[in-house]
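These numbers come from the heavy atoms of this one structure, side chains and all, not from hydrogens, waters or symmetry mates. In what follows, chains are A, B, ... by sequence order, proteins preceding strands, each numbered from 1.
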Amino acid sequence: MGHMAEQATFRLKTGLAEMLKGGVIMDVVTPEEAKVAEDAGACAVMALERVPADIRRDGGVARMSDPAMIKGIQEAVSIPVMAKARIGHFAEAQVLEALEVDYIDESEVLTPADESNHIDKYAFEVPFVCGATNLGEALRRLGEGAAMIRSKGEAGTGNVVEAVRHMRAITSGIKRLAQLRPEELAGAAKEHQAPLEVVREVAAAGRLPVPLFCAGGIATPADAALMMQLGAEGNFVGSGIFKSGDPARRARAIVEATTHFNDPERVAAASIGLGKAMPGLEIGDLVAEDALLQNRGA
Amino acid sequence: MTGLDGLVIPGGESTTITKGIESAGLEPALRAHHDQGLPILGTCAGMIVCDAEHLGFIDATAKRNAFGRQLQSFEADIAVEGIGDEPLRAVFIRAPWVESHGPGVEVLSSYEGHPVAIRDGSVLACAFHPELTEDPRFHAIFMAMTTSSRSRAKEEAR
């Protein structure tokens with residue numbers, strides 16, 4: 001390539017996430033599910049070996065998906081294909097990059113591979129999305145090179161309460177940061193345990209330098225509309241679709257509600273006759289069992 | 001969608017946008033806009049949506065993801081007709097190119113032999129994302145099209 005051509009610039013990495021704004025990224029485990037997601041209007045799919053609800057139920061070590069499955073999904077759809085790597089498992093990320101996935105989710109839903117380090121995302125040409133429960137976590141992931149941030153929520157529960165808490169923590173944290181005086185930013189960086197340069201950038205802009213999506217617990221169109229109104233720029237939906245009674249219909253409804261989140265009549269219309277939502281889990285029970293995924297990789 | 005001087009069909013995923021147009025029943029309004037000769041700017045997925053295999057607003061077919069997946073996404077300096085000699089930094093993300101086009105289509109820019117910016121009557125289309133850079137010159141072409149279309153409409157109303 002000539003003409004001062006460059007690849008894998010940060011603008012190209014965040015640029016793809018910019019194009020997904022206002023859309024829904026759906027977890028899929030087979031090419032058939034990927035097709036259902038695409039037909040329902042998903043803007044991208046996340047290829048994984050088991051949806052979070054099954055990971056939670058079956059236990060064991062959850063790893064990157066089988067490359068054959070990822071390739072099958074890439075062949076089945078023309079929308080972007082994302083895939084998950086374990087936190088800190090840069091060799092899984094290298095494999096996913098070799099497979100030419102469009103985005104890597106360094107995800108707490110999989111069993112972490114490193115208890116103290118995340119992947120150095122600047123070392124990759126493929127862009128990364130990372131989860132966060134609060135602003136400090138989001139800023140640390142940005143410092144490591146993430147090109148997209150999502151709330152962690154509590155995956156596989158069908159319970160949106162944690163996603164709400166995380167989204168509010170991130171957006172209110174940004175608002176507070178934007179009000180600080182310049183000399184107060186070093187203290188804020190210390191408090192957030194985040195790099196000062198990222199803190200300065202977010203404080204100056206009053207927003208993250210990358211798109212902010214919601215993930216973890218969306219099960220209904222109203223959940224999707226709620227998260228968009230709370231400041232999400234798009235939604236990841238995992239178990240909520242393919243663990244429900246009528247996945248194709250629910251997928252379309254969640255897309256509709258994400259696009260028209262400010263139009264209650266359309267969200268209402270989309271919510272009619274969807275069949276059973278996925279069965280939900282109480283967060284309190286998971287706390288008692290020490291089974292929260294969101295505490296992985298802070 | 002009435003009272004518009006111009007319409008931008010932005011980037012995103014063309015499959016998603018096409019489904020969205022269907023589910024929202026937007027096609028008649030889009031056609032009415034185009035039939036009145038009102039300008040349209042289609043960027044990346046927006047160019048695909050305007051092509052002969054979709055809404056048919058341009059006499060051209062776009063090849064989806066022609067430059068490849070995200071790993072092949074790139075930015076480059078390109079020459080564009082009508083914006084002066086200074087090249088334009090263009091951001092191509094999973095970008096299409098124009099695979100074939102009719103004789104009435106003006107090619108404003110090509111990259112490695114493939115047309116990446118074209119104009120067909122009232123429709124301006126490009127494979128890159130002019131909104132992701134600070135350079136306003138490509139948008140200026142579209143603004144000039146909308147301004148002249150509005151002046152024409154005013155003339156006719158007199």
Query raised in the report: What residue in A:Val126, A:Thr14, A:Leu20, A:Asp39 has the most heavy-atom pairs under 4.5 Å with chain B?
Result: A:Asp39

Query raised in the report: Under 6.0 Å from the CD atom of A:Glu197, do we count more than 12 heavy atoms belonging to anything else shown?
Result: no

Query raised in the report: Is it the backbone or the side chain of B:Glu22 that comes under 4.5 Å from a heavy atom of chain A, or both, or neither?
Result: neither

Query raised in the report: Quick one: what part of A:Arg266 sits under 4.5 Å from any heavy atom of chain B, side chain, backbone, both or neither?
Result: side chain

Requested in this report: Considering only heavy atoms and a distance below 4.5 Å, find which of B:Thr18, B:Leu71, B:Thr133 pairs most often with chain A.
Outcome: B:Leu71

Query - Nearest-0.5 Å distance that lies between atom CZ in B:Arg94 and atom CD1 in A:Ile79 - result: 8.5 Å

Query raised in the report: At their closest point, which heavy atom of B:Gln70 faces which heavy atom of A:Lys13, and how far apart are they?
Result: NE2-CA, 4.0 Å

Query raised in the report: Relative to chain B, which segment of A:Ser78 carries a heavy atom at a distance below 4.5 Å: side chain, backbone, both, or neither?
Result: both

Query - B:Ala24 versus chain A, the contacting section by heavy-atom distance below 4.5 Å - result: both

Requested in this report: Give me the contact list for residues 99-106 of chain A versus chain B, heavy atoms only, anything under 4.5 Å, ordered by residue number.
Outcome: A:Glu100, A:Asp102

Query raised in the report: So how far is it from B:Leu132 CG to A:Arg11 CZ, rounded to the nearest 0.5 Å?
Result: 7.5 Å

Query raised in the report: Has B:Arg137 got more than 12 heavy atoms of other residues, nucleotides or ligands less than 6.0 Å from its CZ?
Result: yes

Report summary line: The interface call for B:Arg64 against chain A, heavy-atom contacts under 4.5 Å, is side chain

Query raised in the report: Where on B:Ser14 is there a heavy atom nearer than 4.5 Å to chain A: the side chain, the backbone, both, or neither?
Result: neither

Report task. Check the surroundings of atom CZ in A:Phe261: do more than 12 heavy atoms from other residues, nucleotides or ligands lie under 6.0 Å from it? Result -> yes

Report summary line: In terms of heavy-atom pairs under 4.5 Å with chain B, the winner among A:His260, A:Glu125, A:Gln74 is A:Gln74

Query - A:Glu18 vs B:His129, side-chain contact (heavy atoms from CB on, under 4.5 Å): CA-CA, chis, key distance, verdict - result: CA-CA 11 Å; A:Glu18 292 285 340; B:His129 288 282; over 6 Å; no

Report summary line: dist A:Glu6:CD -> B:Asp77:CG (nearest 0.5 Å) comes out at 9.0 Å

Query raised in the report: Taking atom types as modelled and ignoring hydrogens, do the side chains of B:Glu75 and A:Thr9 form a donor-acceptor contact shorter than 3.5 angstrom?
Result: yes

Report summary line: Between the OG1 atom in B:Thr16 and the CD atom in A:Glu38, the distance rounded to the nearest 0.5 Å is 7.5 Å

Query raised in the report: Using non-hydrogen atoms only, which part of A:Ala40 is less than 4.5 Å away from chain B: side chain, backbone, both, or neither?
Result: neither

Query raised in the report: Considering only heavy atoms, which portion of A:Pro80 lies under 4.5 Å from any heavy atom of chain B: side chain, backbone, both, or neither?
Result: both

Requested in this report: Inspect the contact between A:Glu256 and B:Lys19 and indicate whether a charged nitrogen and a carboxylate oxygen are less than 4.0 angstrom apart.
Outcome: no

